[in-house]
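Written out below as structure tokens is the structure these notes cover.
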Amino acid sequence: MEQTSYSTEEILELVKECGTGNEKALQKFFDHYSQDIYNFPIRVFHLTEDDASDYYIYAFERLKSGKRFKSFVGKSSFKTWFFSVLRNLLIDWQRTKREVKTQTVSKVNKEGKEYSTIEDEPDKRADALAHALDVSDQFQSVLSTIKMENRIVFKLSFVYYLHLDPEELVYIAEKTSRPEEEIRSEILSLREELSNREEENLKMEDKITSLYLNILDLKEQKKQKAQGDSVEAQYYKERLDHALAKKYEQRKKLIEKKQKGHFLVRTPYREIARILGISEGGVSVTLLRVLEKIQKKMHSVAGES
């Protein structure tokens, strides 16, 4: 299997070509990442090699057209995006493989349609994705209205996700009387350091998925072993209900942390202060003001929509 080493820029270009359905690009991609796809369920969820082989075929069939690559827009690292894709494919594959109904309690939504899922909520992923893309565009538009010196502090705070524009790099170089190339080098080095934190976030994402799969397993066990009024069935029902409640609570806490932004990679104030030549207190105050302005303007834009 080819193990050609690609630079970050080459990977991004390769993924872009895959998104167009370019067969040669897709072949290069699978030559390079096939082992990662195969190892993903083994490394992350400790599945067997037989399962990993089945999962690889499932993932390959859904990636080979290149359509999924269009959703990568470079606002996060490729590794983050790709692991998320593999994680979602794993969940879909588990559903198909087990033929397990993830529904638990039937409900009726506002349109009168019945729905039910493992979380007893309708699956709104498609709507959520469309909304997220819309919000992302609004965010970029609002961010561009923040004055440059404050916008730079904000971008540096989330530099793992946001890129500084050429004029912003020039501004920093002029303000600190340092070469622009030196600033670029520092930011690149900082991104590499922050990537280690992203690895920890990915582990937490994997934990959420792992708990989800655990819940599916327990529900299947309950379906098979806890039916009827026998002593044995009641024993299994009590034990499995307790285990399910525990897994639900663990997953709920991790999702709450994620929703509160605990999985975001943020740059330490001291690093921003060092790059810009200002105090850490100045960074803190500026960031707080920018966040308030962005929230206010985003709310205003949402109200107009």
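Residues T145 and S141 approach most closely at CG2-O, 3.5 Å, considering heavy atoms. Across all their heavy atoms, G19 and K70 have their closest contact at O-CE, 2.9 Å. Across L287 and V153, no two heavy atoms sit closer than the pair N-CG1, 4.3 Å.
I57 and I42 fall into different hydrophobic clusters, where Ile, Leu, Val, Met, Phe, Trp and Tyr are joined by side-chain heavy atoms under 4.5 Å apart, directly or via other members. Cluster membership check: F78 shares its hydrophobic cluster with F30, using side-chain heavy-atom separations under 4.5 Å among Ile, Leu, Val, Met, Phe, Trp and Tyr. Placement of I275 and L188 in two distinct hydrophobic clusters is found when ILVMFWY residues are connected by side-chain heavy-atom separations under 4.5 Å, directly or transitively. Put simply, L291 and L143 are part of the same group of oily side chains (I, L, V, M, F, W, Y) that touch within less than 4.5 Å, one to the next. Linking Ile, Leu, Val, Met, Phe, Trp and Tyr whenever their side-chain heavy atoms come within less than 4.5 Å leaves V290 and V285 in two separate clusters.
For the pair R62 and F60, the cation-pi criterion (under 6.0 Å, within 45° of the ring axis) is not fulfilled.
Put simply, the side chain of R266 reaches to within 4.5 Å of the side chain of F158, judged on heavy atoms. Counting heavy atoms from C-beta on, the side chains of L216 and I91 never come closer than 4.5 Å. Put simply, the side chain of D54 does not reach to within 4.5 Å of the side chain of E49, judged on heavy atoms. You'll find the side chain of Y55 reaches within 4.5 Å of the side chain of L86, heavy atoms only.
Donor-acceptor pairing under 3.5 Å is lacking for the side chains of E23 and Q27. For Q221 and D217, the side-chain atoms include no donor-acceptor pair closer than 3.5 Å.
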Steps toward side chain to side chain donor-acceptor pair (under 3.5 Å) verdict (Q224, E220): CA-CA 6 Å; Q224 294 176 357; E220 181 65 5; 2.9 Å; yes

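At distances below 3.5 Å, not a single donor-acceptor pair connects side-chain atoms of R68 with backbone N or O atoms of V85. A donor-acceptor pair under 3.5 Å is formed between the side chain of N22 and the backbone N or O of K24. One N or O on the side chain of S84 and one on the backbone of T80 form a donor-acceptor pair closer than 3.5 Å. Distance alone, capped at 3.5 Å, is enough to place a donor-acceptor pair between the T176 side chain and the I172 backbone.
In this structure K237 satisfies the salt bridge (Lys or Arg N to Asp or Glu O under 4.0 Å) test together with D241, sequence neighbours excluded.
A distance of 6.5 Å separates CZ in R43 from CZ in F40, rounded to the nearest 0.5 Å. Between the CD1 atom in I208 and the CG atom in L213 there is a gap of 12.0 Å [rounded to 0.5 Å]. Atoms CD and CZ, on E168 and R151 in that order, are 4.5 Å from each other to the nearest 0.5 Å. The distance from the OH atom of Y56 to the CG atom of L63 is 9.0 Å, given to the nearest 0.5 Å.
One finds no salt bridge joining E149 and K175 here, because no Lys/Arg side-chain nitrogen approaches an Asp/Glu carboxylate oxygen to under 4.0 Å. Salt bridge present: R274 and E186 bring a charged side-chain N and a carboxylate O closer than 4.0 Å. A salt bridge links R184 to E180: at least one charged side-chain nitrogen sits closer than 4.0 Å to a carboxylate oxygen.
The ring-ring contact (aromatic ring centres under 6.0 Å, His included) test with F82 singles out one residue from Y33, F72, F69, and that residue is Y33.
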